[in-house]
Amino acid sequence: MHFHQHGYVSADPRIEAAAGYGIDRSEDLPDEVDVLIVGSGPAGMVAAAQLSQYPEVNTRMIEKRDSRLVIGQADGIQARSVETFQAFGFAEEIMREGYHIIDMAFWNPDPENPEHIIRTGRPKDDESGISEFPHLIVNQARVLDYFAQFAKQSPGRIEPDYGIEFVDLTVDDAATGPADSEAAASDHPVTVTVRYTAGERAGEERTIRAGYVIGCDGARSGVRKSIGRTMIGDQANHAWGVMDVLANSDFPDIRTKCAISSKHGNILHIPREGGHLFRMYVDLGEVPEDDARKVRQTSVDEIIARANAIISPYSIDVKDVAWHSVYEVGHRLTDAFDDTDDNTVGAPCPRVFITGDACHTHSAKAGQGMNVSMQDGFNISWKLGQVLSGRSPQELLRTYSAERQVTAKNLIDFDKEWSTLMATPQEELPDETYLQDFYVKTAEFPAGFMTEYTESMITASPTHQELASGFPVGKRFKSAQVQRSCDANFIHLGHEARADGRWRVYVFADAQAPMLGDGGASGAPVASGASALAKSKVTQLADWLEFDPASPLVRFRREGDDMDALIELSVVYQQNHTEFSFPDVPTAFRPHVGEFDLEYVEKIFAAMPEEDIYDERGVSRDGAVVVVRPDQYVSGVFPLDAHEEIGKFFAGVFASDQ
C-alpha cells in the first residue's frame, strides 16, 4: 500500500481522510445531488465505492430495505470479479472467507444401472490458468459488506440511505426541455420522487433533484420503467428449485462443485463457504404455458425429495434450510442501458442509466448475475466521476450503454446454451462428456475474460497490437509478475492498480538499460539534435511525458496536483533488478508526491528471469506503451516513440481546464 505521503499514519491506512462532500456528510437525503444511485445491490455498491473516490461529487444511494442485506441470492464469484476486489482492496480477505472451486465433477446415469448415478469426469475448474485469482463461492451479502466498507472509508464517506424507495423520475434536459425551465438552466435536470419505507417518515413522499441517476433496482426496476425501456426476450419455460441447506450426506462429492444428470432430472451442486453449507439448483422440469406461476408454490420439501431422487443411490439429510426459492429461466435484455436514443455527437447526453438485472436477466447457473452487474456498476461509476469532476467531457457517458449492452447480449447467448445443456437429459446429448467438454472449452467466458470493448473515444485502434499481443486492446489487463527494483519484491503488476479513478500507463522498456544520466536530475525538457539521439526511447518518452505541453500529464494537470494525480506511470525494464538503481531511471517514473514533496520509487520494475513478463505477455523487445483505463481494461498499445499518437488519444479522453 502507498501511504505516509501526507504525513505519518499510525492507524488503519485504508481509512482515507474525508474530503469534499465526505466532510460532515449529511445524515438526511439532501434536496439536490449530483448522482443518485437507486438500489444497494452489487452494481449499486460498486458504483458507490468508486464514486466515494470522487468526494467533490455529491453522491447518494437509496435502498428500500431498512438495513443491510442479510441473505443474498447470488454466490458465485468469478476470477474477473476477484481481480476487481483486488482493486478495491479486499481480495485477500474475501479469498480467505470464500469456498475455492478447484475441480468440477460430472455425474451421469450408470450404464449398468440407469436408476443410479456415477462420476464420469472431474476436470479442473481452470484448466488453462486464465487467471491467478480463484473462482470463489461467497454470500452476496458479504461482498456488499466489503464494498460498503470501502465506500465508507474513502474520502466521499458514502453510506446507503436505507428505508427510502424510488417512485418515479422525469428528465428536463437543457436540449429538449423548456429553455426557461429551472432544470434546463441547472446541472441537476432529473426530478426524482422517492418514498420513505421505514421509521417515523414511512409513507412520506418527496422529490429531489439529481444530475444523474443510476438504476440498480433489479429485474422489476422502476428506473427502467420511468425511462421507457422494456425487457425483450424469451419467456421462462423451465423451472428450478434452489436451496441453501445444512445437511449430512453420503454423496462423495458433497464438497465439490458438480453437474449431475440422472433419469430423474438434473442438479447443479455448489458447496458454500464455511465447510457445511451447500446450494443445489434442482431441475423442476418444463413449465406449461397455462401454469400461471403455480410452480413458484413448490415447497422446499418437494425440492429436497426431487434432489434425493436425482442423486440416487445417495441421499441428503437436511438439518436446516437457510434459504430457498423457485425461479423460471428467462433471458431478457433492454435495447439500451440509458435514456438516450440519439447518440450522434452534440445530441443530449444520457442522464439516467440502468445496470444489472434492471437491463439483463438470465439463469443463475452460469454464475454471472452478480459478476456482470458489478462490472456494469464499475463501468458507469468511474465515467460519471471523471465527467462530474471536470476531468472528461460528457460524451464519455455514451460509452456505457455502447459497451455494456453488447457484453450482456453475449452473456445471454452463452447462458442460453449452458442452461439448455444443463436441463437436457444425458441420453439426448451427443455423448456422455459433451457437457463436461463444453464447460472446459468455454471456461474463459464465464470467468469474465471474454469482454472485449471495440474502438471508441476510450479504446484505441489495435494498430500496434503486435507490440504487446498478451494485452489485447479492449480486454482486461491480464497481470503478470515483475520484480520491484528498489526492494526486490515480487509483484503482480496489475495488482498495484487501485480503484481510485486514475488511468495507468505501463511503459515496457526496450533492451537499452537505464544508466546514470538518464535520471533527468536537471529537469530539462526533451533535448534536440545529437543529444536527443543519445537518449534511449524510454528516456525520450519520459521527458515528453513530464515536460511537453502536449503530454497528458502536463496538459491536463491541475494546479496543486501531484504529477500522478490523473495518470499513474509504471516502467518495466528487461534487465535484472540488480543491474540498475532507481536514480538511473527518468524522474517521470519516480514522481514527487504529497505535501512533503516525497519521491515515490515503487513503480519501477524489472522483468523476472524465470517468468519474464515480456515472454509471458508477448511484449516486443523493442518496447511498448500499454494504456489501461480506471476499470482495468486496456485502452491502447503504442510504440515507445509514438508521443503524438499518445497525446492525441488522451486529448480525446480528458477535458482541459485551460
Side-chain angles (χ1 to χ4, degrees), residues 42 68-78 94 97-108 115-119 122 125 135-145 238-285 287 294-329 363-371 419 422-423:
R68 66 176 283 274
L69 182 71
V70 176
I71 298 177
Q73 296 181 11
D75 63 356
I77 306 296
Q78 304 292 351
I94 209 164
E97 187 173 327
Y99 171 85
H100 291 228
I101 297 177
I102 306 300
D103 294 344
M104 181 166 178
F106 289 80
W107 289 74
N108 289 293
E115 292 297 316
H116 291 176
I117 57 171
I118 59 170
R119 188 194 298 119
R122 191 168 181 165
D125 185 69
H135 184 181
L136 300 175
I137 302 297
V138 181
N139 183 358
Q140 175 181 324
R142 295 295 294 131
V143 175
L144 302 187
D145 287 345
H238 202 104
W240 294 77
V242 56
M243 57 184 180
D244 285 335
V245 298
L246 297 169
N248 292 324
S249 177
D250 59 350
F251 180 57
D253 284 341
I254 200 70
R255 296 302 299 166
T256 301
K257 182 181 177 183
C258 301
I260 305 168
S261 176
S262 88
K263 292 289 186 180
H264 304 284
N266 302 283
I267 287 176
L268 179 63
H269 171 74
I270 301 175
R272 294 287 303 270
E273 64 279 16
H276 300 285
L277 190 70
F278 61 82
R279 172 171 293 186
M280 281 186 166
Y281 292 93
V282 182
D283 184 2
L284 299 180
V287 180
K294 292 178 184 176
V295 72
R296 299 290 183 96
Q297 300 170 21
T298 304
S299 70
V300 70
D301 289 335
E302 292 176 87
I303 297 171
I304 293 169
R306 177 68 68 93
N308 275 320
I310 292 171
I311 67 171
S312 178
Y314 310 104
S315 64
I316 56 172
D317 177 16
V318 175
K319 303 295 185 181
D320 183 56
V321 179
W323 170 79
H324 79 283
S325 184
V326 175
Y327 73 94
E328 299 162 78
V329 177
S363 83
K365 292 183 294 302
Q368 291 297 296
M370 175 165 55
N371 295 276
S419 59
M422 280 293 303

For the atom pair [atom1] ([X]) and [atom2] ([Y]), what is the distance rounded to the nearest 0.5 Å?
X      : Y      : atom1 : atom2 : value
Arg306 : Asp301 : CZ    : CG    : 14.0 Å
Met104 : Arg122 : CE    : CZ    : 12.0 Å
Arg279 : His324 : CZ    : NE2   : 12.5 Å
Met370 : Ile77  : CE    : CD1   : 3.0 Å
Tyr281 : Ile260 : OH    : CD1   : 14.0 Å
Glu97  : Leu136 : CD    : CG    : 10.0 Å

For the residue pair [X] and [Y], establish whether any side-chain heavy-atom pair is separated by less than 4.5 Å.
X      : Y      : result
Asp145 : Arg68  : yes
Asn139 : Arg272 : yes
Leu277 : Trp323 : no
Ile316 : Phe251 : no
Val321 : Val245 : yes
Pro42  : Leu144 : yes
Asn266 : Ile310 : no
Tyr99  : Lys257 : no

[X] to [Y] - nearest heavy-atom pair and separation:
X      : Y      : answer
His269 : Arg255 : NE2-N, 4.5 Å
Pro252 : Trp107 : CG-CH2, 3.6 Å
Ala247 : Val318 : CB-CA, 3.6 Å
Ser261 : Ile117 : O-CG2, 3.9 Å

Heavy-atom neighbours of His276 NE2 exceed 12 at 6.0 Å: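 Not more than 12 within 6.0 Å, no.
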Audit row: Asp125, Ile102, side chain to side chain contact (heavy atoms under 4.5 Å, CB included) steps and yes/no: CA-CA 5 Å; Asp125 185 69; Ile102 306 300; 5.9 Å; no
Do any N or O atoms from the side chain of [X] and from the backbone of [Y] form a donor-acceptor pair under 3.5 angstrom?
X      : Y      : answer
Ser312 : Ala309 : no
Ser249 : Ser315 : yes
Asp103 : Thr256 : no

